[in-house]
There are 2 protein chains.
Amino acid sequence: MSQTVQLYDRLRAAILALDLAPGERLTERGLESEFEASRTPVRAALMRLDSEGLVQREGRGWIVSPIDTVEIGALAELREAVESAAIRLSVERASDADVQAIAALLDATRPARDEEQGVRAGGDFHVELSRLSGNALLADAVRNAMTRLARTRWLEVRTAEAREQAWREHREIIEAVAARDAERASALIASHIRGTNERLLAFLAAERQRLRGHGVAIVQAHTGGSQPSGRPRRMPQ
Amino acid sequence: MSQTVQLYDRLRAAILALDLAPGERLTERGLESEFEASRTPVRAALMRLDSEGLVQREGRGWIVSPIDTVEIGALAELREAVESAAIRLSVERASDADVQAIAALLDATRPARDEEQGVRAGGDFHVELSRLSGNALLADAVRNAMTRLARTRWLEVRTAEAREQAWREHREIIEAVAARDAERASALIASHIRGTNERLLAFLAAERQRLRGHGVAIVQAHTGGSQPSGRPRRMPQ
DNA sequence: CGATACAGTTTGGTATACCAGTACGGTATC
DNA sequence: GATACCGTACTGGTATACCAAACTGTATCG
């Protein structure tokens, strides 16, 4: 596998694991020495991560995308639109075997031992279900949204009860699909996404102080066009 | 403006204007000499265009994304999902002034003299309307979809009657938004997108032979994992 | 004590040299 | 005449040198 791909994967993993803090400034030469690669693949990886929303440009340079409650809300609205449509198409097009495969996948991850597994299982469920729509673009949109949300979703599945609730709702959804009830499946998944988002935003608001202490900045909106007054300075870590 | 951005814009324009034929093979060094830039910005532009779906990797190299009827259908489904949701939010959130601004924009482009203006006006209408949802991700998704469709949409607005019909449907839609009738606006835009897509696919099927004569390849699906048998050869141009 | 001018350093942007892998075309052989 | 082989040329991938612009810190001046 090419070095660029490996570097992309490692950078991506570091961002999603919060090893690179949201809002942190990145320099191409810093990454070059940290990941022991030359600038060319570093830049390629950054450009790809930029297109996924995991890093952004800030002025001339790069930053790890901050955790942005406005963006999280927007992602929920996008997911509701896309996944509702996808599940309708899945009800129409998916084979029974495909649906049962997802139900089995759900049963296999029933325990959802910890946050990480909960996040992974949840993401897989939503992406795989969208794939059954037969529309690759819908599935890609869902995958992309889940990636953007990955850094915060663990907050929502920290307790065993939360993981149990998520599992139960997923179970209901796949049963509606199996029953070929498009209306119910669509309503269930929309409500599931909405509820998850509300709980997530509530957790974020509650934990904001603590997370800030761990170097995780939470902002309310994308930095707009104009810079704030005063000399823009390097983030003091 | 940086050279990379200019090169990206020029390459993008060349692809959308069909100056670079769909399916055509691109080499980094060929573009380097053709656009008088070095490989670094060429690669940056290609990577960005790749993330937009206008170019793809084929083996180790690059091709201009073929015109793919499966993708066009998928884009229509994505648009229906996203734009229906966006217009509901627009009805809820947009100010009367914002809605009137779009209505004015519609009136200003009333004649829609030629295909190009028709395509541009249509794209602007759908993107600007989505922006009123207040959700940047929904608007971005719509903009991206319109870009991907730009190479074929002119087929659908070639006649004055078609442009007139599009204008009329747009007018109906914005009036439903102005009347704050979310249900009607959503239904109208879904039906508009679906109808446009059906006419477009019909035109593509009818014109397939002629377009092929002009070097425009139309495929039925993305090239899957396996290559076709036989030595893959350079396109004979 | 404060602001400001200046110079050194660091940044991303660009050009380019080099590498390894692959496709292509010609040739020799059967 | 067809086919297998091999050398050449070209491809994208990588490393790196150089550039101009911007940032940082210091020294100077009011």
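In the text below, chain A, chain B and the rest are named by the order of the sequence lines, each starting its count at 1. Computed from a prediction, not measured in an experiment: that's the story for all the values here.
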> Among D:dA15, C:dC18, C:dA15, which is the nearest nucleotide to the side chain of B:R39?
Replying inline: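 Nearest to the side chain of B:R39 among the choices is C:dC18.
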>> Please find the pair of heavy atoms, one from A:E207 and one from A:R158, that lie closest to each other, and give the distance.
In response: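 Between these two residues, the closest heavy atoms are OE2-NH2, 3.1 Å.
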For a quick test of reading the model: is some side-chain N or O of [X] closer than 4.0 Å to OP1 or OP2 of [N]?
X: A:T40; N: D:dT16; value: no
X: B:T27; N: D:dC10; value: no
X: B:S38; N: C:dA15; value: yes

Could you tell me the separation between the [atom1] atom of [X] and the [atom2] atom of [N], rounded to a whole number of Å?
X: A:L31; N: D:dT14; atom1: CG; atom2: P; answer: 16 Å
X: B:W62; N: D:dG13; atom1: CH2; atom2: P; answer: 7 Å
X: B:R29; N: C:dT14; atom1: CZ; atom2: P; answer: 18 Å
X: B:Q6; N: C:dT14; atom1: CD; atom2: P; answer: 10 Å
X: B:E28; N: C:dT16; atom1: CD; atom2: P; answer: 15 Å
X: B:E58; N: D:dG12; atom1: CD; atom2: P; answer: 11 Å
X: B:M47; N: D:dT14; atom1: CE; atom2: P; answer: 10 Å
X: B:R60; N: C:dA23; atom1: CZ; atom2: P; answer: 7 Å

> Is there a donor and acceptor pair closer than 3.5 Å between the side chain of B:R43 and the base of D:dG13?
Replying inline: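 Side chain to base: no pair present.
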>> Heavy atoms only, 4.0 Å cut-off, all strands: where does A:L46 land among base, sugar-phosphate and nothing?
In response: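 Contact class for A:L46: none.
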> If you look at every strand shown and take non-hydrogen atoms under 4.0 Å, does A:L7 touch a base, only sugar-phosphate, or nothing?
Replying inline: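 A:L7: no heavy atom of the nucleic acid under 4.0 Å.
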> Are B:D98 and B:S95 close enough that a side-chain donor and a side-chain acceptor fall under 3.5 Å?
Replying inline: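 Side-chain D/A pair, B:D98 to B:S95: present.
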> With distance as the sole criterion, is a donor-acceptor pair present between the side chains of B:W154 and B:E116 under 3.5 Å?
Replying inline: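 Their side chains do not contain a donor-acceptor pair, so the 3.5 Å distance test is not met.
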>> Check this for me, if you would: do B:E28 and B:R39 make a salt bridge, where the nitrogen-to-carboxylate-oxygen distance has to be below 4.0 angstrom?
In response: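 Answer for the salt bridge query: yes.
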>> Using a strict threshold of under 4.0 Å (side-chain N to carboxylate O), is an ion pair present between B:E156 and B:R199?
In response: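 Yes.
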>> On DNA chain D, compare the nucleotides closest to A:A37 and B:L26; which residue's is nearer the 5' end?
In response: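 Looking at the nearest nucleotide for each, B:L26 comes out on the 5' side.
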